[in-house]
Amino acid sequence: MIPKDLTAAQRRAVDHREGPILVIAGPGSGKTRVITCRIAALIDSGVKPRSICAITFTNKAAEEMRNRVIAMGTPGGAHISTFHSLCVRILRRYAEAAGIKPNFSIYDTSDQAKCMKQAIRDCDLDKANFPPRRMLAAVSDLKNRLVDSDALAATADNFFTRSLAPVYRRYDEILGRSNALDFDDLLLKTALLLRREKAIREDLSRSFEFLLIDEYQDTNHAQYVIATQLVCAHDNICATGDPDQSIYRWRGADIRNILAFEKDWPGAAVVKLEENFRSTPNILRAADSLIANNVSRKQKKLISTRGAGAEIALTAFDDEAEEAEAVALRIKRLAESDSPGKAAVLYRINATSRVLEEALVRNEVPYQIVRGVEFYNRREIRDMLAYMKVIANPNDEASLLRIINTPQRGIGKVTIERLRKYAAARGVGLFESLRQNADSAGKRRGGAACFVRMMEKFRRRSGRGVEALMREVFRESGLAAALQKLPDGEDDIENVEELINSAARYDSEAEEPSLADYLQQISLFSDVDSYDSTADRVPLMTLHAAKGLEFDNVFIVAVEQGLLPHARSEDLAALEEERRLFFVGMTRAKSGLHISFARYRTFRGDAMPTVPSHFLDELGLPVRESNGESIGETGSLAGSPDRPLFKPGQGVRHPRFGPGRVIDFADMGENSMVTVRFARGTKTLMVKYAKLAAK
DNA sequence: CATAGCCGCCTTTTT
DNA sequence: GGCGGCTATG
């Protein structure tokens, strides 16, 4: 049943039936609840669950929404997933029309890097001048905007794009012959498929009578096109989001999608949810005071429905160890108090978690680092999954290269190069090349032939459940034996056991279990998917990962220039996104908000003086020293030296001379001089002119 | 073909 | 401070 306590505005969003609707919802406005109720209300009014498609930002959010719909006593069965998962389903179903095979592999960042390096080599370019990372970022950007390699080649008008075009094409060819898609391809191929194939588009649009999209402010162009095509038959689109919480511009998210919604769907109903049921007025006042500094922004009110609550703690610490210790102690005391509540620690970059972990361990505070993909990045897990991928998709070259000689079977670089040449000459895949040369390939006699026979046997048995197959692969591939010989092999084996357990869970829970589906699903696993909100452990996560979550007590640490805003946010748009990120972090807090910075922080081994984040000046809050002494209102922070103070021994970087080490520093205020030893000699520079960056 | 050791660069954020 | 890539050696 739909709850009775919805506000009038929430009710309108829930009850609205036909046609487009935009819900502009501030933080803590019950947006997720509204979407859930809307799904339930649609089903209550006779819409078949299967004809509702809701899109969330993470798998975790999807899972929770599914559970909530069912908890409301409504039948399940609505399609609730992320854009990427939806695309995988569509591409598998219409694989032929999309020009792929349904057992495609999904390439992650490290697979992508391998393919890109190969592409750069194949195009006879030097990877020193064309760094794979940069090329991948450019390709990703193009794919998000649905520009394929042909289109790029046709419009390339400068040195970079003219060099990029053939690399892009080659990169796609490598993925193509591997029957592999990268993350961006999932969206791009789906968008192009829907745009091109009228029958498929209409088929899907009719099967999904209602489309709901959460976090619409963070959709990119490809996702926008997919959404548009999916509702072509009825325009029953409900988008919800908050422009102030757009934090994925760097990944192609286009805030114009939400800003232009009313233009895209004229006559759209617009509902604003401005009441905040989550945070105390103190928290909202500070968050509002911060976000008001963004120039490109529509004014919006945040109205708290709660009592004033505790003051926000804004604390200066001497260094990161002191900060971490204080956070750990505070959390410990909260946990022991009468109303413990849920606490979380948020930071800008993952590297910050280390010192916090140490402090939490020391103080015996149970914690969880919310970084789900870390497990899947472990060497032994990647090896196991590479075997599984080659079994599911023999064309998967990146995975085959990973396991062809793991464990060692005498197939080294020279052999692989020979197999590659053979494959290219005959127009066959690498595995096929290996199969045809199995008897002659490799130094160790029979190693290659044995490998081919083994893989083909696995393939024949791949229909009998992922768990069973994985056990067999682990044992018979020799991986288990190889790990046993390693000094710390016990841990590795335990990790593989955990992977096998997850496969067992998959086998029993999946609707239509298959090896390809299993592999595709775990490829789309996100960091926050590993967050267990029911566990009694303090979550540590990035500000990005905290999107959509809430906690009684939030600790935001390391709020320093260079970290938040991050040093690499150079233009105004990037800076404003950093401010939104801080805003997102602050508005995760219900009652307690603890913001802190450290005067010295260790980067890569060197303790560096820091500058408190300029954002802190925008909060309108008093700052306290770690000993409890007040050091005045914020705004006074602006008076603290913005110019860098260098000290001998410190590592620095100069835009022209590169990295160097400080030998001497003469503090003469504005006219300070610094002497630095660079690779090509020692220089004495005026601090105010030399654009020296602390390293 | 395997491996130890060294250099250089680096991740900011992630589906 | 850590990983990947390169080189020299077995």
Side-chain angles (χ1 to χ4, degrees), chain A residues 55-62 81-88 106-110 112-114 117 127-128 131-134 136-137 140 143-144 181-188 215 218-220 222-223 246-253 346-355 370-374 376-377 379 405-417 441-444 447 520-529 541-547 558 562-570 574 577-578 580-582 584-585 602-606 651 653 658-659 679 695:
Chain A
I55 295 172
T56 56
F57 200 71
T58 63
N59 295 305
K60 188 85 190 172
S81 75
T82 64
F83 259 114
H84 285 84
S85 295
L86 175 67
C87 289
V88 165
I106 298 172
Y107 275 6
D108 67 12
T109 318
S110 76
Q112 285 179 278
K114 270 188 215 131
K117 279 175 199 163
K127 69 176 188 306
R133 279 202 79 79
R134 174 137 181 258
L136 274 173
S140 172
K143 286 186 175 180
N144 285 330
L181 305 181
D182 62 26
F183 289 123
D184 303 314
D185 281 335
L186 295 173
L187 304 175
L188 172 128
E215 309 284 9
D218 275 323
T219 50
N220 63 29
Q223 290 166 327
S246 162
I247 54 174
Y248 283 95
R249 192 185 75 111
W250 53 275
R251 206 173 73 182
L346 310 181
Y347 37 74
R348 177 64 175 84
I349 64 168
N350 283 303
T352 311
S353 70
R354 204 186 186 116
V355 62
V370 181
R371 264 210 109 182
V373 297
E374 219 162 50
Y376 292 94
N377 281 333
R379 195 197 63 257
N405 200 31
T406 310
Q408 288 163 14
R409 43 179 76 88
I411 306 176
K413 224 164 71 180
V414 178
T415 310
I416 289 170
E417 220 26 68
K443 198 176 179 182
R444 206 170 304 168
Q520 287 161 356
Q521 280 199 23
I522 63 171
S523 299
L524 298 179
F525 209 72
S526 74
D527 273 352
V528 77
D529 293 340
M541 65 183 97
T542 62
L543 290 161
H544 283 91
K547 171 176 173 146
L563 282 175
L564 186 63
H566 194 273
R568 295 183 75 142
S569 359
E570 276 153 354
E577 177 146 306
E578 295 287 305
R580 290 194 293 270
L581 193 52
F582 193 20
V584 167
T602 306
F603 292 101
R604 297 195 259 266
D606 288 333
R653 173 176 288 277
K695 200 178 128 194

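The sequence lines fix the lettering, A, B, ..., with proteins before strands; numbering per chain opens at 1.
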Should [X] be listed as having a side-chain N or O under 4.0 Å from OP1 or OP2 of [N]?
X: Asn144(A); N: dT15(B); answer: no
X: Ser526(A); N: dT15(B); answer: yes
X: Arg251(A); N: dT13(B); answer: no

At under 4.0 Å between heavy atoms, what does [X] touch on the DNA or RNA strands: base, sugar-phosphate, or nothing?
X: Asn59(A); value: nothing
X: Phe83(A); value: nothing
X: Asn405(A); value: sugar-phosphate

Q) If you check the Thr415(A) side chain, which of dT14(B), dC1(B), dG2(C) turns out closest? A)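 The answer is dC1(B).
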Q. With sequence neighbours excluded, what pairs up with Ser140(A) under the side chain to side chain donor-acceptor pair (under 3.5 Å) test?
A.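 Partners of Ser140(A) by the side chain to side chain donor-acceptor pair (under 3.5 Å) criterion, ordered by chain and then number, come out as Asp184(A).
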Q | Listed partners of Arg379(A) passing side chain to side chain donor-acceptor pair (under 3.5 Å), at least two apart | A |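 Counting only residues at least two positions away or on another chain, Arg379(A) forms a side chain to side chain donor-acceptor pair (under 3.5 Å) with Asp492(A).
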Q: Hunt down any stem DNA chain B takes part in, defined as 3 or more consecutive Watson-Crick or G-U pairs whose two distances are each under 3.5 Å.
A: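 Looking at DNA chain B, the stems formed by three or more consecutive pairs are B:1-9 with C:2-10.
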Residues forming a side-chain contact (heavy atoms from CB on, under 4.5 Å) with [X], sequence neighbours excluded:
X: Asp108(A); value: Ser110(A), Asp111(A), Phe183(A), Arg382(A)
X: Ser569(A); value: Pro565(A), His566(A), Ala574(A), Glu578(A)
X: Ser85(A); value: Asn59(A), Ser81(A), Thr82(A), Leu524(A)
X: Thr406(A); value: Asp383(A), Leu479(A)

Q) Who passes salt bridge (Lys or Arg N to Asp or Glu O under 4.0 Å) against Lys143(A), sequence neighbours left out? A)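 So Lys143(A) forms a salt bridge (Lys or Arg N to Asp or Glu O under 4.0 Å) with Asp172(A), Asp182(A), Asp185(A).
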Q. Start at the 5' end of DNA chain B and walk down; is the nucleotide closest to Pro131(A) or to Thr542(A) reached first?
A.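 Nearest nucleotide further toward 5': that of Pro131(A).
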Q.
Measuring only between side-chain heavy atoms, which start at C-beta, is Lys117(A) closer than 4.5 Å to Lys114(A)?
A.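 Sidechains of Lys114(A) and Lys117(A): no contact.
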Distances under 3.5 Å only, N/O to N/O: pair up the protein atoms with those of nucleotides 3-7 of chain C.
{"from": "dG5(C)", "atom 1": "OP1", "to": "Lys117(A)", "atom 2": "NZ", "distance (Å)": "2.4"}
{"from": "dC6(C)", "atom 1": "OP1", "to": "Lys127(A)", "atom 2": "NZ", "distance (Å)": "2.9"}

Q) His84(A): what forms a ring pair (Phe, Tyr, Trp, His ring centres under 6.0 Å) with it, not counting sequence neighbours? A)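 Partners of His84(A) by the ring pair (Phe, Tyr, Trp, His ring centres under 6.0 Å) criterion come out as none, since no residue qualifies.
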Q.
List the residues meeting ring pair (Phe, Tyr, Trp, His ring centres under 6.0 Å) with Tyr248(A), not counting sequence neighbours, and say none if there are none.
A.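 Here the qualifying residues are Phe57(A), Trp250(A), His544(A).
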Q | Pair Asn350(A), Ser353(A): side-chain N/O donor-acceptor within cut-off below 3.5 Å | A |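 The answer is no; no qualifying pair exists.
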Heteroatom pairs (N/O) under 3.5 angstrom, protein to nucleotides 3-6 of chain B:
{"from": "dT3(B)", "atom 1": "OP2", "to": "Gln408(A)", "atom 2": "NE2", "distance (Å)": "2.6"}

